[in-house]
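The chains referred to below are lettered A, B, ... by the order of the sequence lines, with proteins before strands, and numbering in each begins at 1.
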Protein chains: 2
Amino acid sequence: MHKPTIQDVARRAGVGVGTVSRVLNNHAAVRDSTRDSVLGAIAELNYTPNPHARRIAGGKSYTISVLLPVVTTEFYVRLLDGLEQAFQEARYDVAIFPLLDRSRLERYLGSHTLAYQADGLVMATYNLTQMFQSGTGIRPYSGPTVLVDAHAEGVDCAYMDNLLGGRLAGEYASQLIRQQGEGQQGEGQQGGRLYAVWVETELDQLFTTRVFDDRRSGFLEAVQLSGGRVSGEYVSSFDSLAARTVAAQLLDEAVLPATVFASADLLAGALLDEAQARGLTVGGELKIIGFDDQPWAQGRGLTTLHQPVEAMGYEAAQLLLARLSGEEGPARARRFEPRLIVRKSTGG
Amino acid sequence: MHKPTIQDVARRAGVGVGTVSRVLNNHAAVRDSTRDSVLGAIAELNYTPNPHARRIAGGKSYTISVLLPVVTTEFYVRLLDGLEQAFQEARYDVAIFPLLDRSRLERYLGSHTLAYQADGLVMATYNLTQMFQSGTGIRPYSGPTVLVDAHAEGVDCAYMDNLLGGRLAGEYASQLIRQQGEGQQGEGQQGGRLYAVWVETELDQLFTTRVFDDRRSGFLEAVQLSGGRVSGEYVSSFDSLAARTVAAQLLDEAVLPATVFASADLLAGALLDEAQARGLTVGGELKIIGFDDQPWAQGRGLTTLHQPVEAMGYEAAQLLLARLSGEEGPARARRFEPRLIVRKSTGG
DNA sequence: TTGTATGCGTTATCAC
DNA sequence: GTGATAACGCATACAA
């Protein structure tokens, strides 16, 4: 018993191979009744098309390469979920290329690798401009490319509006402080102070991203617009140890009551830990706002910004698929909006 | 100008396509002179074989799936280097599957994915037995499989002898203490105390590994054999924050002079940091031994165990390739030995 | 709307 | 040793 082929299906359904191919690829022009019988035969034989034969006949690889940073975060799991669902629906395989180190990028894009043979490329989170800048020896992939969780001129992209996210956090923080100011009358500091912890942006790095800068800009802008001011800003690298150290420093220096915005849940988590160690009442004298809505955020009651990551991945895939089916025209950018989730870390 | 095919090469070299295919695949029976002319034609035309056509004609996918944990460590970069080199030499593509979460394992092994279509599977670091245990709904991959950086009965594997590594550390630490004891006569503690920091083994986890347990067992065994004893043992999760906390605790409680074995460089690095913060003389009153020889270990002068990771990857690939070319027989296990690198953190 | 025939770029199997 | 040629499984242009 060999693996059933399209021939077997055709014979079984009493049709030609062309017809089977047509129902496989949704080529509308096929009568419902015959489509049903073909589908029936496929099911009975448990037939699955041979992807390699398909590739050689179609002259395409039906494969998409996804370049991904190696960061063990729920974010990328969700992003892949969105991407893979869309590509699967369109009968494309996705090959994942974890960018373990810099040399690997060049290798992946080299002409003899899987990535190069792909019909399209998805790049996550990177700064494309910097990545392909002259002098690095890296040359851009020649096929259609889409950026996800990043944006650049002249390239299709699906990105999260981190500027908006920061703004939402800033507006909410300002509002919290106003409310608190109304409650306890006569307080000079009118509702407590405002602090922020930022993620250090690594300069001169291939793996650089504007994500955190945008969150910062949005926040500062919103706070300023609402007439508030930030009493102290802290910077931490994206690392739990550094975050904890910075959290301790912040709580050493901060004047309570205070509201703190951390531009990543990783940093907010460290603040939560440090506050707990000091016996501070989170949600009361100390309010904390994070960003990411990581899986633990709900359990720990962290007010944070939730992002439609799967939707962003799905849409990025759609943009690429459109190009693959011949779409011309200028680059399109799809924007996605974070949403504030209020929990008890801000008294909600 | 279309992409040159094997036909073009044959024509150019004045031979048949069969001959071209033969030189491509090293099918010995071809005269040197004709091989040269074929190679010449290939170079002139800049010909690269179409992998899809190859796959369909050969009836194989010429692809190997590598299941990898998502841990940003030099270890996996080096492991991939070894694997990829071997597979490339044998004209196999490698597809990397980062195991972001548990659900992804099932999906990767599902019958409609790339991984399933691979001719062989490489699994890194995991506990195969636990992974495929009944009840998880995960069924083993049916093709030839090789384990790397792990070992199990009845499966080909290439693994690091972490037991030996631990033993080497234990012997060296014991030796250090004896030497020190001889130097300062009459000291009751005869050369100082011995401490150890272990990596916490996560139980009930898919992503479990025996690596750290082996390092621990080997160390304790060697120390006992040389008549020494461990004055204190500490446990930390594989996380820089936790490691620093544990390092601080250890240095709070330890009696100097002391020698500390950390079963991973990540933990040793935290000790280095904490010692520096306290103004302790590393290599003198405090000696530190790590495990892994991470890139920074040399610069910071950390005595540690170096592992032939690339060689292990390369050999794992060879084991799999042997099966792919029809090798029968019982499972083979290839053992690799860590090597102690003495640097100034132990006074070397 | 559907069946047939041709082509995709290799590898493998023959003869020579 | 080497050159024809038949698969491999599918998509597609063309004919019906």
Participant: Which residue pairs pass the salt bridge (charged side-chain N to carboxylate O under 4.0 Å, His left out) test with at least one member in residues 12-26 of chain A, sequence neighbours excluded?
Facilitator: A/Arg12-A/Glu44
Participant: Could you list where the contact with chain B starts and ends along DNA chain C, reading 5' to 3', using a 4.0 Å heavy-atom cut-off?
Facilitator: C/dG9 to C/dA12
Participant: According to salt bridge (Lys or Arg N to Asp or Glu O under 4.0 Å), who are the partners of B/Arg335, at least two apart in sequence or on a separate chain?
Facilitator: B/Asp161, B/Glu337
Participant: Pick out the pairs of N or O atoms, protein on one side and nucleotides 9-11 of chain D on the other, that lie under 3.5 Å.
Facilitator:
unit_1, atom_1, unit_2, atom_2, d
D/dC10, OP1, A/Tyr47, OH, 2.6
D/dC10, OP1, A/Asn50, N, 2.8
D/dC10, OP2, A/Ile6, N, 2.4
D/dA11, OP1, A/Asn25, ND2, 3.3
D/dA11, OP1, A/Arg54, NE, 3.4
D/dA11, OP2, A/Ser21, OG, 2.8

Participant: Is a donor from one side chain sitting under 3.5 angstrom from an acceptor on the other, for B/Ser61 and B/Asp119?
Facilitator: yes
Participant: Can you name the residues that form a salt bridge (Lys or Arg N to Asp or Glu O under 4.0 Å) with A/Asp156, not counting sequence neighbours?
Facilitator: A/Arg323
Participant: Give the residues of residues 29-37 of chain A touching DNA chain C, defined as any heavy atom closer than 4.0 Å, sorted by residue number.
Facilitator: A/Ala29, A/Val30, A/Arg31, A/Thr34
Participant: Looking at A/Asn25 and A/His27, would you say the former's side chain and the latter's main chain have a donor-acceptor pair under 3.5 Å?
Facilitator: no
Participant: Could you tell me whether B/Asp8 and B/Lys3 have a side-chain N and a carboxylate O separated by less than 4.0 Å?
Facilitator: no
Participant: Name the residue from B/Glu84, B/Gln85, B/Glu89 that meets the side-chain hydrogen bond (donor to acceptor under 3.5 Å, both in side chains) definition with B/Tyr314.
Facilitator: B/Glu89
Participant: Distance to the ring centre below 6.0 angstrom and angle to the axis at most 45 degrees; does that hold for B/Arg91 and B/Tyr62?
Facilitator: no
Participant: Could you tell me if A/Tyr159 and A/Glu315 have a donor-acceptor pair between their side chains, going purely by distance under 3.5 Å?
Facilitator: no
Participant: Hey, are A/His151 and A/Arg210 close enough side-chain-wise for a donor-acceptor pair under 3.5 Å?
Facilitator: yes
